[in-house]
Amino acid sequence: MEPNMTVVGYGKISPYPFLPCRATATPVARGRPRPRPMPPTAASVATAAAAALPSQSQRRVPAAKSVWLNPNLPTSHHRHKSATELQQRQHEDRTIDVPALVSALSAARTVADLAAALAPHRPISGRLLGALLSRLGDPRRGVALLDLLAPDLPAPALLIPYNLLIRSACRAGDLRLASGLLLEMRDRGVTPDAFSYSTLLAALTRSGLLDHALTFLPLMEDDAVAPDLILFSNLIHLALRSGDGPKALALFSRLRGAGIRPDLKAYNAAVAAYCKSGLLRDAKQLLLHDMPADGVAPDAESYSPLLAALARRGRHLAAVSLFSHMRAVARVKPDLSVFNIVLNAYGQLDLAREADRLFWSMRRSGVPPSVVTYNTMLRVYGDAGLFGEAVHLFGLMRSASDGNGGAGSGVKLNAVTYNTMIAIYGKSLGDEKAGSLVQDMQANGVQPNAITYSTILSIWVKAGKLDRAAKLFEKLREAGTEIDPVLYQTMVVAYERAGLVSQAKRLLQDLKDPEGIPKETAIKILASAGRVEEAAWLFRRAANTGEIKDSSVHRAMMDLFAKNRRHRNVIEVFDEMRRLGQLPDSETIATAMNAYGKLKEFDKAAALYQAMREEGCVFSDRVHFQMISLLGAQKDFEALETLVDELSHDPSIDKRELYLVAAGIYERAYKFDKASQIISQIKKNSNGDVQKLR
């Protein structure tokens, strides 16, 4: 190698040693793979120390007393000399012009320049090395400096320099370098501490690299470094933002398993994760029991995910009841999102007048309505048939957006506002007004979206104007407008209802080789239309080319195959999902276990159940009951009793339902005495607690 060439980055040779070569970097298993001098091992240090000791003839002790002395220990003269050298080195560190030395290091272009600048100060102390690294702005220059000076220091003294380099790399956004440095520490025998891991993981979570951050948690356990509450909270929130509810719940379980008491932020994230995974009873248990038991007072953000989840499930009465508990019992002041959810719930319950009173009382509560609130009230009025109130409120919003003030002051109309009013006009048979409103929104600078076109198409189809709807749809396709599943499905249904089956088939056939439509969207459209063969063909094609990243596509295909009793295909899609590293939710696991049961592959179902529990997946009752049913179908009653006994101690399980499922299995197996015993005990104990099945 030429003298002005040096190894930089991750294995690339460059004539400019401090310029990273990112384009050719390749990931490695541990750290940076370039060769470098390793720190001295304990054996080499001991050998060097022994070689530096004076010989036996130099010690000048009487022969009679020589047997008292350990020949490997230095004399008091040498101990005094070592202490003197240490004091001298500390004095020299204080007298060094550090800014001048940093300037010289910053100006160096090769390793030889670095060595020349440091030559008068070697062997260097750990204190001076830390001062230099903290002042160097370029982390890769700091790496070169550490490589040069590492032989001067023992391994324990390298901890602080490595931590400084990791911090510098994270601040510079070079997270690959920071990860490699932490792995290299472990290779060199330098055990990372809490600062090392927290600095790196915090930077990874801020950058959205959740999966990469999670790979360091096992290393933390190996190094006996316990993650703290802040780190767990950041990871949970990152999992939620990336839409991975099961992973967020697994992290929350690890947090509690580590004996860390969650704070309000962690609890709120866990409630949101439970709701995202459809485990509403667990979310309610956490909100109404666990948080008060830990002395953590919930806020509006704690209630909002559960209220929204109840509304999505259609349990609007339960949402209104929880809202009443929130205000009357918990004394929590609702925020804007809570008001919006409850207004929608009132509308779904046909309680338009209650929604109206709550809406006009929001300002008195110190919460001004937003455009989402106004859009919600428009929908409530429209669903209740109160078209006059809807038109009046829409007029107030338009006046406010024109700068005339009023009740809707500060609210700007958006596409949802216009879409809602278009749908209201469609209900009142005002298809012409709906069409003119589309032109009005374009004139006001609001661009129609797929829902706008889907709504107007539906209105025209209902009004018998199929030709007009078909022309608009073809015009949208030619213009390259984004076609979403709702818009495409609207035309498919319109053609089928009009008896134009060939036109509907042509649209679905076009999705097999979509142009301008993402393949994931095309697969969802085909799956929602029940087109098994077309969806399966396109799914396999997209999976082979690695174009499927959204787990919802896998769930849609699994549901489609399950409805058509193609259980082997369900397992294939599930295996593909796991191959991509996606953590399935509770319903997906239940679907896969049901497919294994239909195929009589009970051992694989049990292995999946156990593996998902070990990975920290939080199951709904359906998954547990599915496993119990499979054990019953397998006639493995001993394992069934063991599992039921284990689940009976789980506070999140509905005990009454658990024992009813077990009783039903015994009844189908003609074990009527066992089934009768369980039913009798359930009736005897109103709380559902029965004795062990054994």
Side-chain angles (χ1 to χ4, degrees), residues 245 264 267-292 296-390 392-393 407-408 411 416-417 420 423-424 427 620-621 652 654 656-657:
L264 178 61
Y267 267 121
N268 287 351
V271 171
Y274 275 121
C275 295
K276 191 174 185 64
S277 301
L279 305 172
L280 303 191
R281 190 176 66 250
D282 299 271
K284 189 175 181 180
Q285 171 76 20
L286 207 65
L287 176 64
L288 301 182
H289 299 283
D290 293 0
M291 292 180 69
V296 179
D299 59 2
E301 187 180 348
S302 309
Y303 282 88
S304 180
L306 184 54
L307 288 168
L310 290 171
R312 286 195 301 269
R313 291 284 187 93
R315 299 172 57 183
H316 304 291
L317 185 60
V320 171
S321 176
L322 182 62
F323 176 69
S324 300
H325 175 277
M326 172 185 175
R327 302 182 78 180
V329 179
R331 303 290 182 181
V332 175
K333 182 180 178 181
D335 61 4
L336 182 59
S337 64
V338 171
F339 273 117
N340 293 339
I341 295 168
V342 177
L343 286 173
N344 178 68
Y346 277 135
Q348 297 296 329
L349 294 171
D350 293 328
L351 300 174
R353 295 304 176 190
E354 285 75 5
D356 185 79
R357 283 194 292 269
L358 183 63
F359 171 71
W360 295 108
S361 69
M362 288 179 62
R363 291 188 183 276
R364 294 195 300 271
S365 301
V367 182
S370 67
V371 65
V372 176
T373 314
Y374 282 99
N375 293 341
T376 302
M377 282 307 301
L378 288 175
R379 187 169 59 253
V380 170
Y381 288 143
D383 292 343
L386 303 174
F387 303 126
E389 284 82 350
H392 173 68
L393 184 60
V411 174
V416 178
T417 310
T420 305
I424 290 174
K427 291 180 181 179
S620 64
D621 289 356
S652 65
D654 188 333
R656 184 179 181 84
E657 290 295 326

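- Interatomic distance, Leu279 CG to Gln285 CD, rounded to the nearest 0.5 Å: 13.0 Å.
- Rounding to the nearest 0.5 Å places CD1 of Ile341 at 4.0 Å from OG of Ser304.
- Contact of the Arg327 side chain with the Val332 side chain is not registered, since no non-hydrogen atoms from C-beta on lie closer than 4.5 Å.
- When Asn344, Val320, Leu322 are each tested for a side chain to side chain contact (heavy atoms under 4.5 Å, CB included) with Leu307, only one passes: Leu322.
- Put simply, the side chain of Tyr267 does not reach to within 4.5 Å of the side chain of Pro298, judged on heavy atoms.
- Checked by atom type and distance alone, the side chain of Ser277 pairs as donor or acceptor with a backbone atom of Ala273 at under 3.5 Å.
- Checked options Asp290, Leu286, Asp282; the residue passing with Val271 is Leu286 (criterion: side chain to side chain contact (heavy atoms under 4.5 Å, CB included)).
- Sparse packing is recorded around NE2 of His392, with 12 or fewer heavy atoms of other residues, nucleotides or ligands lying under 6.0 Å away.
- For the pair Asn340 and Ser370, the minimum side-chain heavy-atom distance is below 4.5 Å.
- Taking both residues in full, the closest heavy atoms of Leu306 and Ala283 are given as CD1-CB, 4.1 Å, listed atom of the first, atom of the second, then distance.
- Note that NZ of Lys284 is 16.0 Å distant from OH of Tyr274, once rounded to the nearest 0.5 Å.
- By the 4.5 Å heavy-atom criterion applied to side chains, Pro368 and Met362 are not counted as neighbours.
- Across Arg312 and Cys275, no two heavy atoms sit closer than the pair NH2-O, 4.0 Å.
- With contacts defined as side-chain heavy-atom distances shorter than 4.5 Å, the pair Leu343/Met377 qualifies.
- Looking at Arg313, its side chain does come within 3.5 Å of a backbone N or O of Gly278 through a donor-acceptor pair.
- For the residue pair Asn375 / Thr420, no side-chain donor-acceptor distance below 3.5 Å is found, with atom types taken as modelled.
- Phe339 has its side chain out of reach of Thr373: every pair of non-hydrogen atoms, C-beta onward, lies at least 4.5 Å apart.
- A pairwise comparison of heavy atoms in Leu336 and Pro369 identifies CD1-CA, 4.3 Å as the closest pair.
- Thr376 contributes a side-chain N or O that, together with a main-chain N or O of Val372, makes up a donor-acceptor pair within less than 3.5 Å.
- Under the 3.5 Å distance criterion, with hydrogens and angles disregarded, a donor-acceptor pair is assigned to the side chains of Ser302 and Asp299.
- Counting heavy atoms from C-beta outward, Ile424 and Arg379 have side chains that stay 4.5 Å or more apart.
- Val367 and Pro334 make their closest contact through CG2-O, 3.9 Å (heavy atoms, listed as atom of the first residue, atom of the second, distance).
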Under 3.5 Å, which donor-acceptor pairs do the side chains of residues 346-359 form with other protein atoms, sequence neighbours left out?
residue : atom : partner : partner atom : Å
Asp356  : OD1  : Trp360  : NE1          : 3.1
Asp356  : OD1  : Tyr381  : OH           : 2.4

- Task: Show the numbers, then the answer: is there a side-chain contact (heavy atoms from CB on, under 4.5 Å) between Met291 and Leu287?
- Result: CA-CA 6 Å; Met291 292 180 69; Leu287 176 64; 4.0 Å; yes

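- For the salt bridge (Lys or Arg N to Asp or Glu O under 4.0 Å) test, no residue two or more places apart in sequence or in another chain qualifies with Glu301.
- When all heavy atoms of Pro292 and Leu288 are compared, the closest pair comes out as CG-O, 3.5 Å.
- With sequence neighbours excluded, the residues satisfying salt bridge (Lys or Arg N to Asp or Glu O under 4.0 Å) with Arg281 are Asp621.
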